[in-house]
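Inspection log for the structure reproduced underneath, given as structure tokens.
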Amino acid sequence: MSDAELPALRNLLVTKLNEMGLSPASGIVDKEKLRELHQKAREFEIAKQRVWIDTNFRKYEKFVARPEEIDPYKIRPVLVEVTSQEHLNLFRFARLVWWSLPHTRGYGRRLQFLIFDEQNSKLMGLIGLQSPPIDFPARDRLFKYPKEEKIELVNQTMDIFTLGSFPPYNELLGGKLAALAVTSNEVRKAYIRKYGTSVTEMRGAILPPNLVALTTTSAYGRSSIYNRLKFKGQLVGRSLGFTEGYGSFHLHELYPLFKTFLELQGFKVSGGYGVGPRIRWQVCEKAMNLLGFRNEPLRHGLKREVFLFPLIENLASFMQGKSRKPQYFNRPFTELSNWWIERWMLPRWERINKIGQSPLAELDENEETPHLKVGGGR
């Protein structure tokens, strides 16, 4: 696109923003409209990658279990770090096809995991971690960081950008298994292996190889997966309240046009140091300011619940510089998965049998386009 086409692009963007119900003075407040835009953003991402999905569908659909392939009494979860291209492709496929939210690759430092069922080698769930936001009010209100140490301390945490389970395991509360698994010894040890000797672009130095906490926000309002989640009586995730209802997910379809709009005017729109997970926000904000929309269209009105997952017992003193040695919880994945089986999965299965209704049997085996189904998770 040439500079001469800039006015046409400007008019197109203004028209599309108006069609979305946005105005220069106000953002979205209607939740049904938000869900509709979320779905449109997801469909837009699927359309962009349709060729790849169709090419790989037969190869990866075999990892999704049918109800008759699951014996709840034989479920044995296995946590696998994504290190091979094959597993990376499976993660991508599963996230694109079965998730209700638009696909994202994450930002900065990333760790990804697959959860399989050993009895049938089927996929139970996904976990995706990325670099945390440096400024995150719900988290930052908890700690009084030492002067000039906030970046180093925050970068010993990660943010959960994907977590959830697949049908029919989601009907057996598989999302809670994924939420427990993210706090496992295996996850933090994978972090040490991958990033223990990495030099950061941000500081030009090797950060301490600690992973001391995780943060995340729910997909829609209050979370049913994370609330009251405990392991042997100990709370795993702590609710920090709700976000203020700002974001850019509802502008997903316009993001490529926003980037082109800014590039034509000489603005840098790539990620990197000083940008991180906020690149989409910054691009949308800058573009809409130039279009005369200010910041209000970034107010979508959906307040998401924020959670903190401490991985160490002394998190408060560590983040405030009073303690330099993290005291890790000992949570082997096998113990977490056994706890999930006994505490949530089997009781759920027994309740299903008691009332004579099995949601496992409700999976539509005749669906011709299963990639349009909605999975659980964020």
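Hydrogens, waters and symmetry mates play no part in the numbers below; they use all other heavy atoms, side chains included.
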Exercise. If we only count heavy atoms from C-beta on, is the Leu123 to Val64 side-chain gap below 4.5 Å?
Worked result: no
For this session: Considering non-hydrogen atoms only, spot the tightest contact between Gly196 and Pro209 and give its length.
Result: CA-CB, 3.6 Å
Problem set entry | Arg238 atom CZ: more than 12 heavy-atom contacts under 6.0 Å | no
For this session: Check Leu336 against Ser184 and note the closest heavy-atom contact, atom names and distance.
Result: CD1-CB, 3.6 Å
Seminar exercise, completed: Closest non-hydrogen contact found for Arg324 with Phe318 is O-CE1, 3.6 Å
Problem set entry | Where at least one partner belongs to residues 111-124, residue pairs that pass salt bridge (Lys or Arg N to Asp or Glu O under 4.0 Å), sequence neighbours excluded | Glu69-Lys122
For this session: Treating Ile, Leu, Val, Met, Phe, Trp and Tyr as nodes and any side-chain heavy-atom pair under 4.5 angstrom as an edge, say whether Phe258 and Leu12 lie in one connected cluster.
Result: yes
Exercise. Roughly how far, to the nearest 0.5 Å, is the CG atom of Leu262 from the CG atom of Leu290?
Worked result: 6.5 Å
For this session: Find out if a path of hydrophobic residues (ILVMFWY) with successive side-chain heavy-atom gaps under 4.5 Å connects Trp52 to Phe63.
Result: yes
Problem set entry | Nearest-0.5 Å distance, CG of residue Leu211 to NZ of residue Lys189 | 13.0 Å
Exercise. So do the side chains of Phe113 and Val182 get within less than 4.5 Å of each other, counting heavy atoms only?
Worked result: no
Problem set entry | Side chain proximity check, Arg92 to Gln112, heavy atoms < 4.5 angstrom | no
Exercise. Heavy atoms, side chains only, cut-off 4.5 Å: are Val154 and Tyr145 in contact?
Worked result: yes
For a quick test of your reading: what N or O donor-acceptor pairs under 3.5 Å do the side chains of residues 70-80 make, sequence neighbours left out?
from	atom 1	to	atom 2	distance (Å)
Asp71	OD1	Tyr73	N	3.0

Exercise. Between Arg66 (side chain) and Pro168 (backbone), is there a donor-acceptor pair under 3.5 Å?
Worked result: no
Exercise. Taking Arg343 for the side chain and Lys230 for the main chain, is one N or O donor matched with an acceptor at less than 3.5 Å?
Worked result: no
Problem set entry | Side chain Trp340, main chain Leu173, donor-acceptor under 3.5 Å | yes
Exercise. Are Arg331 and Phe329 in a cation-pi setup, meaning NZ or CZ lies under 6.0 angstrom from the ring centre and within 45 degrees of the ring axis?
Worked result: yes
For this session: Check whether Leu153 and Leu142 end up in the same hydrophobic cluster, where Ile, Leu, Val, Met, Phe, Trp and Tyr are linked by side-chain heavy atoms less than 4.5 Å apart.
Result: yes
For this session: Give a yes or no answer on whether the side chain of Lys150 reaches the backbone of Ile134 with a donor-acceptor pair at less than 3.5 Å.
Result: yes
Exercise. So, does Thr162 use its side chain to make a donor-acceptor pair with the main chain of Gly128 at under 3.5 Å?
Worked result: no
For this session: Begin from the C-alpha positions of Val212 and Met319 and carry the test side chain to side chain contact (heavy atoms under 4.5 Å, CB included) through to its verdict.
Result: CA-CA 9 Å; Val212 301; Met319 297 299 283; 4.2 Å; yes
Exercise. Is the ring centre of Phe93 less than 6.0 Å from the ring centre of Phe57?
Worked result: yes
For this session: Verify, without hydrogens or angle tests, whether Ser165 (side chain) and Gly125 (backbone) share a donor-acceptor contact under 3.5 angstrom.
Result: no
Exercise. Would you say the side chain of Val306 lies within less than 4.5 Å of the side chain of Thr215, judging by non-hydrogen atoms?
Worked result: no
For this session: Drop me the distance from Leu90's CG to Lys62's NZ, to the nearest 0.5 angstrom.
Result: 9.5 Å
Problem set entry | Side-chain heavy-atom pair Asn155, Arg109 within 4.5 angstrom cut-off | yes
Exercise. With the 4.5 Å side-chain cut-off for hydrophobic clustering, are Ile151 and Phe136 part of the same group?
Worked result: yes
Exercise. Looking only at heavy atoms, what is the nearest atom pair of Arg348 and Glu171, with distance?
Worked result: NE-O, 2.7 Å
Exercise. When rounded to the nearest 0.5 angstrom, what is the spacing between CZ in Phe333 and CG in Leu180?
Worked result: 9.0 Å
For this session: Please test Phe309 against Ile160 for side chain to side chain contact (heavy atoms under 4.5 Å, CB included), starting from the C-alpha separation and ending with a verdict.
Result: CA-CA 10 Å; Phe309 293 78; Ile160 304 168; 4.1 Å; yes
Exercise. Would you say the side chain of Leu6 lies within less than 4.5 Å of the side chain of Phe261, judging by non-hydrogen atoms?
Worked result: yes
Exercise. Linking I/L/V/M/F/W/Y whenever their side-chain heavy atoms sit closer than 4.5 Å, directly or via other members, would Leu315 and Leu235 fall into one cluster?
Worked result: no
Problem set entry | Working for side chain to side chain contact (heavy atoms under 4.5 Å, CB included), residues Leu163 and Tyr226 | CA-CA 11 Å; Leu163 186 150; Tyr226 306 130; 3.8 Å; yes
Problem set entry | Leu129 versus Val187, closest heavy-atom pair with distance | CD1-CG1, 3.8 Å
Exercise. CZ/Arg188 to CG/Leu111 distance, rounded to the nearest 0.5 angstrom?
Worked result: 13.5 Å
Exercise. Distance-only, no hydrogens or angles: does the Asn227 side chain make a donor-acceptor pair with backbone N or O of Ser239 under 3.5 Å?
Worked result: no
Problem set entry | Flag, side chain of Lys194 to backbone of Arg110, donor-acceptor distance under 3.5 Å | yes
Exercise. Where the side chain of Thr183 meets the backbone of Ala179, is there a donor-acceptor pair that is under 3.5 Å apart?
Worked result: no
For this session: List the atom of Phe91, the atom of Ile127, and the distance in Å for their closest heavy-atom pair.
Result: CE1-O, 3.4 Å
Exercise. If you measure only the distance, is there a donor-acceptor pair under 3.5 Å linking the side chains of Asn89 and Gln85?
Worked result: yes
Exercise. Donor-acceptor pair, Arg139 side chain versus Pro133 backbone, under 3.5 Å?
Worked result: yes
For this session: Let me see the working for Cys284 and Tyr255 under side chain to side chain contact (heavy atoms under 4.5 Å, CB included), right down to the final yes or no.
Result: CA-CA 7 Å; Cys284 294; Tyr255 183 70; 4.1 Å; yes
Problem set entry | Rounded distance [0.5 Å steps], CG in Leu229 versus CZ in Phe307 | 9.0 Å
Exercise. Any idea how His87 and Phe116 line up, ring-wise: parallel (<30°), tilted (30 to 60°), or perpendicular (>60°)?
Worked result: tilted
